Number of protein chains: 2
Amino acid sequence: MSTKNKILDAADVLFANKGFNGTSLREITSQANVNLAAVNYHFGSKKELIKAVMSRYMDELSPRLESALSLICQAELKPTLHEVFSAFIGPLLHLNEFKENGTSTFLQLLGRGYTDSQGFLRWFLTTQYPDVFTNFTKAVNIAYPELSAEEIFWRLHFTMGTIVFTMSSSEALIDIAQNDFDNKLDIAGVIERVIPYVAAGVGAPITKNEPLSLV
Amino acid sequence: MSTKNKILDAADVLFANKGFNGTSLREITSQANVNLAAVNYHFGSKKELIKAVMSRYMDELSPRLESALSLICQAELKPTLHEVFSAFIGPLLHLNEFKENGTSTFLQLLGRGYTDSQGFLRWFLTTQYPDVFTNFTKAVNIAYPELSAEEIFWRLHFTMGTIVFTMSSSEALIDIAQNDFDNKLDIAGVIERVIPYVAAGVGAPITKNEPLSLV
DNA sequence: AACTAGTTTAAACACCTGTTTAAAATAGCG
DNA sequence: CGCTATTTTAAACAGGTGTTTAAACTAGTT
């Protein structure tokens with residue numbers, strides 16, 4: 001295996017578990033059994049390595065997601081929100097074949113990207129992969145046309161939060177659930193449970209903008 | 001103002017914006033106009049400072065939350081999920097009177113705590129303030145008794161994720177929304193929009209545990 | 001005024017960070 | 001083989017990290 005890939009494989013697991021700031025190049029290179037200077041030689045800088053790690057996943061995910069969503073949109077009958085969100089399942093779980101624990105690793109990375117390093121990764125993703133967002137918005141709009149663009153914006157970000165946050169701590173949550181409820185669950189099981197939640201959330205009835213009553 | 005409080009006031013804003021790992025003691029102490037060694041003198045270590053920052057908010061929030069939830073639970077008629085979640089609004093917004101931008105600062109800190117530093121803050125919160133979780137679970141159970149304990153567990157953590165993640169990036173999201181939709185929104189406005197979402201999510205119909213169909 | 005306990009200060013500690021350098025090793029090709 | 005281009009290596013770099021130290025300073029009390 002090439003040095004470049006050895007670095008990427010070691011980096012994405014460490015980044016997912018300990019964050020971008022929390023992972024040093026020395027950890028990555030010693031885990032990957034390569035020289036410390038290899039990162040700067042092959043990627044230029046740590047920041048570029050982070051981009052490369054995310055791009056490897058996005059390039060695998062983004063086309064599959066796009067075709068799954070366009071399939072939904074072009075169907076004869078109007079899709080339900082549940083169907084729109086279910087379109088994510090296949091592409092996301094495919095990351096597990098692409099790399100071991102790929103799905104949860106990627107979603108953890110996504111979560112890190114939104115909080116670590118002051119949102120430079122959010123900028124990177126929205127500018128490099130804008131289609132993912134617009135396609136998703138379109139699909140939701142078809143499934144629930146009464147929702148204004150602004151409502152969609154907010155509810156999609158709420159959904160983002162639900163998914164990303166859940167997956168960031170999915171290992172810990174699965175452990176707790178296993179202890180408390182004796183119910184063995186994997187990442188697919190968590191996704192299965194979160195889909196009805198976010199579908200119902202996005203599909204919530206529209207509320208008028210009234211001033212809040214401070215109870 | 002005491003040195004201790006000067007440190008806490010500077011620390012929580014910096015921690016919220018840049019994360020715990022991303023904020024150095026030198027940033028904190030120079031922002032607070034105190035000597036570098038003051039943190040270790042008054043708090044012992046950086047880790048203890050983090051706990052102190054969180055405790056200051058939790059001690060302000062937790063009793064108000066508890067009484068709001070128990071008020072809901074003891075009411076004559078069964079509360080709706082929307083009412084259960086609305087019980088959070090008052091106590092959360094009160095943090096704004098406790099400290100400027102207290103609400104969003106606290107929620108950002110909560111988000112940081114769940115991802116930074118490998119979940120030691122989650123352990124700290126769940127062991128130090130367990131009542132918040134159990135009271136909340138009870139209230140949801142009254143509002144939606146058909147939900148099994150395990151379903152409640154998952155949906156509450158989904159909700160946690162929605163709130164915490166949204167608030168972690170609330171400033172950025174509010175900026176985007178302001179540019180794209182010319183709709184001025186503050187933290188209270190975001191809360192107002194997220195409540196129907198999480199209420200609908202938690203109130204989603206119960207799904208049987210079928211194996212996933214990989215579309 | 002003298003002693004004490006609490007606090008603040010500047011300096012140093014040992015260690016870790018991302019990055020760069022120049023020499024050594026490797027591979028590809030005529 | 002000999003030459004070239006690519007890659008790997010160990011070492012050093014400049015700067016940042018949390019923490020500790022011992023001296024200086026500040027009240028408060030007798």
Side-chain angles (χ1 to χ4, degrees), chain A residues 1-56 108-109 112-113 115-124, chain B residues 1-56 108-109 112-113 115-124:
Chain A
M1 187 189 291
S2 72
T3 300
K4 223 167 164 172
N5 277 327
K6 281 201 273 185
I7 293 175
L8 286 172
D9 281 344
D12 67 357
V13 173
L14 287 167
F15 281 152
N17 286 332
K18 318 178 63 174
F20 301 112
N21 282 345
T23 306
S24 70
L25 294 185
R26 282 167 180 80
E27 285 181 86
I28 294 170
T29 51
S30 76
Q31 182 90 16
N33 271 316
V34 301
N35 188 272
L36 166 64
V39 170
N40 289 281
Y41 176 76
H42 284 284
F43 296 95
S45 69
K46 186 181 180 180
K47 212 164 194 170
E48 290 297 321
L49 171 63
I50 296 175
K51 286 190 195 173
V53 165
M54 292 308 289
S55 290
R56 197 169 57 144
Q108 282 181 259
L109 286 171
R112 300 289 185 184
T115 50
D116 276 19
S117 49
Q118 307 209 238
F120 107 89
L121 241 181
R122 174 174 38 216
W123 168 86
F124 171 71
Chain B
M1 186 189 290
S2 72
T3 301
K4 223 168 164 171
N5 277 327
K6 279 200 275 186
I7 293 175
L8 286 172
D9 282 344
D12 68 357
V13 174
L14 286 168
F15 282 152
N17 286 332
K18 316 178 65 173
F20 301 113
N21 283 345
T23 306
S24 70
L25 295 184
R26 282 167 179 83
E27 285 182 86
I28 295 170
T29 51
S30 77
Q31 183 89 19
N33 270 318
V34 302
N35 187 271
L36 167 63
V39 170
N40 290 281
Y41 177 77
H42 285 284
F43 297 94
S45 68
K46 186 180 180 181
K47 211 164 196 171
E48 290 297 322
L49 171 62
I50 296 175
K51 287 189 195 172
V53 166
M54 292 307 289
S55 291
R56 197 169 57 145
Q108 282 180 258
L109 287 171
R112 300 289 185 183
T115 50
D116 277 18
S117 48
Q118 307 207 245
F120 107 89
L121 240 181
R122 173 173 41 212
W123 169 87
F124 172 71

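Nothing here was measured: the structure is a model prediction, and the numbers come from that model. In what follows, every chain begins at residue 1, and chains take the letters A, B, ... in the order their sequences are listed. Computed from heavy atoms alone, side chains included, the values below leave out hydrogens, waters and symmetry copies.
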Would you check if the side chain of [X] reaches a backbone N or O of [Y] as a donor-acceptor pair within less than 3.5 Å?
| X | Y | value |
| --- | --- | --- |
| Glu48(A) | Ser45(A) | no |
| Arg112(B) | Asn21(B) | no |
| Lys46(A) | Phe20(A) | yes |

Identify all pairs in which a protein N or O lies below 3.5 Å from an N or O of nucleotides 5-7 of chain D, and state each distance.
unit_1, atom_1, unit_2, atom_2, d
dT7(D), OP2, Tyr41(A), OH, 3.1

[N] [atom2] sits how many Å from [X] [atom1], rounded?
| X | N | atom1 | atom2 | answer |
| --- | --- | --- | --- | --- |
| Ile28(B) | dT19(D) | CD1 | C1' | 14 Å |
| Glu48(B) | dT20(D) | CD | C1' | 17 Å |
| Asn21(B) | dT17(D) | CG | P | 12 Å |
| Phe43(B) | dG18(D) | CZ | C1' | 15 Å |
| Lys46(B) | dC16(C) | NZ | C1' | 13 Å |
| Asn40(B) | dT19(D) | CG | C1' | 5 Å |
| Leu25(B) | dT8(C) | CG | P | 16 Å |

### Query
Under 4.0 Å: is that the gap between some side-chain N or O of Asn35(A) and OP1 or OP2 of dA10(D)?
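Answer yes for this pair, as a side-chain N or O of Asn35(A) is under 4.0 Å from OP1 or OP2.
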### Query
Within the structure, does a side-chain N or O atom of Ser24(B) lie under 4.0 Å from either OP1 or OP2 of dG16(D)?
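No, because none of the side-chain N or O atoms of Ser24(B) sits under 4.0 Å from OP1 or OP2 of dG16(D).
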Can you check whether [X] reaches [Y] side chain to side chain, under 4.5 Å on heavy atoms?
| X | Y | answer |
| --- | --- | --- |
| Leu49(B) | Ile28(B) | yes |
| Arg56(B) | Asn5(B) | yes |
| Asn35(B) | Thr3(B) | no |

### Query
What one-letter contact string describes nucleotides 21-29 of chain C from 5' to 3', where B marks a base within less than 4.0 Å of any protein heavy atom, S marks contact via sugar-phosphate atoms alone, and - marks no contact?
---------
### Query
If you measure from OG on Ser30(A) to CG on Leu14(A), what distance do you get to the nearest 0.5 Å?
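With rounding to 0.5 Å, OG (Ser30(A)) is 8.5 Å from CG (Leu14(A)).
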### Query
Rounded to the nearest 0.5 Å, how far does CE of Met1(A) lie from CG of Asn33(A)?
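Here the interatomic distance stands at 12.0 Å.
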### Query
Across the strands shown, which category fits Thr23(A) at heavy-atom distances under 4.0 angstrom: base, sugar-phosphate, nothing?
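Thr23(A): backbone/sugar contact only, no base atoms under 4.0 Å.
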### Message
Between Lys4(B) and Phe43(B), does the side chain to side chain contact (heavy atoms under 4.5 Å, CB included) criterion hold? Intermediate values first, please.
### Response
CA-CA 8 Å; Lys4(B) 223 168 164 171; Phe43(B) 297 94; 3.6 Å; yes
### Task
Determine the stems involving DNA chain D; a stem requires 3 or more consecutive pairs of the Watson-Crick or G-U wobble kind, each with both distances below 3.5 Å, and the answer is none if no such run exists.
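DNA chain D forms these stems: C:1-6 with D:25-30, C:8-23 with D:8-23, C:25-30 with D:1-6.
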### Query
On DNA chain C, nearest-nucleotide positions of Asn33(B) versus Leu36(B): which is more 5'?
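Mapping each residue to its closest nucleotide by heavy atoms, the 5'-most match is Asn33(B).
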### Task
Give me the one residue out of Asp12(A), Asp9(A), Ile7(A) that meets side chain to side chain contact (heavy atoms under 4.5 Å, CB included) with Val53(A).
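Single side chain to side chain contact (heavy atoms under 4.5 Å, CB included) partner of Val53(A) among Asp12(A), Asp9(A), Ile7(A): Asp12(A).
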### Message
For a quick test of reading the model, state the closest non-hydrogen atom pair linking Thr23(A) to Glu27(A) and the distance between them.
### Response
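It is CA-OE2, 3.6 Å.
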### Query
Counting only heavy atoms not in Lys6(A), do more than 12 fall under 6.0 Å of its NZ?
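Yes, enclosed.
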### Message
With hydrogens left out and only the distance checked, is there a donor-acceptor pair under 3.5 Å joining Arg26(B)'s side chain and the base of dG18(D)?
### Response
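Present.
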